[in-house]
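Input: a single structure, listed below in structure tokens.
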Amino acid sequence: MRANSPDRPKDSATIEERVATLLARMTLVEKVGQLTLVDANDAAAPQSLGDRLRAGLVGGVLNQVNVEIVNELQRIAVEESRLGIPLMVGRDVIHGFRTIMPIPLGQAATWNRELVREGARAAALEAAGAGINWTLAPMIDISRDPRWGRIAESFGECVLLTSELAIAMVQGFQGKDLSETGSIAACAKHFAAYGAVESGRDYASTDVSETELRNVYLPPFKAAVDAGVTSLMPSFSDLNGVPASANEFLLRQVLREEWNFDGFVVSDWDSIRQLQVHGLTENDQESAFEAANAGVDMEMTGDAYSEHLAGLVEAGRISLQVIDAAVGKVLAAKFRLGLFEQGTTTVAEAGQVAGEKALATAHALALQSVVLLKNDHGALPLSIDALNSVAVIGPLADAPYEQLGTWIFDGDPGLSVTPLSAIQGLVGDRIELRYVRAMENSRSRTNDTFDDAAAIAKESDVAVLFLGEESILSGEAHSRADIDLPGDQAQLVRRIRATGTPVIGVILAGRPLTLSNVVDDLDAILFAWHPGTMGGPAIADLLFGIESPSGKLPTTFPRVVGQIPIYYSQKNTGKPPSNDTVVHIDDIDTFAPQTSLGMTAFHLDTHFTPLFPFGYGLSYAQFEYRNIRATAPEVRLGDAVTVSVELTNRGVVAGDEVVQLYVRDPVASITRPIRELKDFRRVRLEPGQTITIDFELHTDDLAFYGRDGQLTTEAGEFHVWIGGSSEAQLRTDLRLVSGN
Ligand code: GLC
């Protein structure tokens, strides 16, 4: 730090006072510099960016993770510029840094707030060791379309689950105090409704009503803002005709006026200049004008701001107040992070990788993220004592990089423990282990080693098939129109099934897949998402019953891609389908011509229900729910009521269960979903154990945004279910009565 740094904290100076003092000393050019975020993914960054840093033209850098280079960039900015303002150092630390946790969609399947927070903390510690002070996460877009590659980065389709885990991740990254070692600023993204892209194509247009925005897509961002998230990032997409990067309704009315967000807004990569591509502006100057006036504070890796903002101010088209407000929020974040005091990261801290703790957290998250979708006649768990031989087959049994999933710039595949190696380690020489990859990768169409695979399956007591999709098929700009298992995997399943040996499927993927064409040929299915560094040990522990599966689906699994969007919190419609009205296209001949086939909201060629519903997941334990009851049949507006249930583990092994509480408002001033998750809790039960679980349901939990765009709670009847999935049948009813 420079001895005469003007920004040493005065004993009592508040953040606001320090910002005002510094702002007053800045030139317009230096102010615009603070709103400029540049890509520093270059070993020669100190040379290529040095002059701009010395001139105060850069407020933050992205994608530099070599701590010596980061330190040199900080040193130049702090010691060789006029005002010595430190840099934001950003990176997409989405689900881990060196040690990779399961993809966020897999973390959502844990339904474990504390563990997700712990995983973000471990990632922050490792990232901070590289000099990073800002992550571009969490991604909290509600996602109901598994064709969209970025569903992998999300927490799935549910407003409450996404909101709760948004809070957990923000708290994990930012800690209790942003300035403490290991805390890094978070960035909630992509604001808003990016998950509603047409046909699941990334960057496509979104058109969402205001009530749907306010009741579904905005709440997770509100939760992140209330949790103190430092920054927010608008989405690339056009929202109702106005791209998010120029959308005043989102960035000014909602974010600033309604929510009083005091952090800063950073654009997505070059998304300001893309306003012209959208067709909103005719050049970069107008794009800068639209974005700045709408409320984008900092520009990521474009030069619309650095080229045009000062000129727009001098021309009187953008007020200096707008610029000062934007710069003030960026400076406030830097003060909160303690950057003016910290200066550079010592190399010693760089060694502060979270180490064993991060690996333990990665293992725990992976263990709790895996969902047991099917387990016919107790095919699982496998018994080390009873088995003589196991055949391990498939392109994802031993793929250390692929199991990490998408968005793992800094993940170290060398740390990965694959399922094959974990199984080998677990069974040792007690079981004969045979392995055939059978396919070069998940997309392979050459099945010349299927015979080898079938041969080892035939000789073995059980075959474990590792299927799915590689990380390259998942993530940003990696949407798929067909979400079946790629390549000849279905043929491989059938080939192994034909041997007569029991077949276990373990599926690694970044999204729900349509499994209808293989589900009947697998005796059991563990869906492991992309489970991260410790995916192997977690899968091995579950296969052999060291631990019971406990994951629950954070997103609906369609039967066929044509059902999309299909999600648990759908509206009832005026003609809801029911089992007794559904026919199948091959049954039609049994009907006389023009017979009504059931005039309801269904498809002729598939059942109206999903293959696996939201919240679903089996266990090796057997959970029984009984005696749902509320402490009173009525609840007065503003009050709360306790709804409880008894849960018994009728099984012979211990296990975790995620108990879920759903509500329906059957009559309201706008139509409401047939179910909405309102609370959940993960509990562990020993065999034979019974516990009572109490949920407090407050009338605020029953509020929704009505036709007037205002939050409202309406008197009337409510249905309440508690169970182990969104298809819970145990129900009690409540009446909400108005206050007077
Ligand atoms: C990408 C993503 C965004 C990410 C940014 C920086 O295009 O949309 O989520 O944070 O660029 O990598």
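Computed over heavy atoms, backbone and side chain alike; hydrogens, waters and symmetry mates excluded. Order of listing sets the numbers, starting from 1, for every ligand and every atom in it.
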Mind telling me whether Tyr203 and Tyr194 have parallel, tilted or perpendicular rings, with 30° and 60° as the class edges?
parallel

Taking only Lys NZ, Arg NE, NH1 and NH2, and the carboxylate oxygens of Asp or Glu, determine whether Arg214 and Glu258 approach each other closer than 4.0 Å.
yes

Main-chain N/O of Ser209 paired with Thr211 side-chain donor or acceptor, under 3.5 Å:
no

Does the gap between the ring centers of Phe335 and Phe340 come in under 6.0 Å?
yes

At less than 4.0 angstrom from any atom of ligand 1, which residues have a non-hydrogen atom? List them by chain and residue number.
Asp92, Leu136, Arg150, Lys189, His190, Met233, Phe236, Asp268, Trp269, Met300, Trp407, Glu476

For Ser143 and Asp141, does a side-chain donor sit closer than 3.5 Å to a side-chain acceptor?
no

Please answer whether the main-chain N or O of Leu178 pairs with a side-chain N or O of Arg336 as donor and acceptor at a distance below 3.5 Å.
no

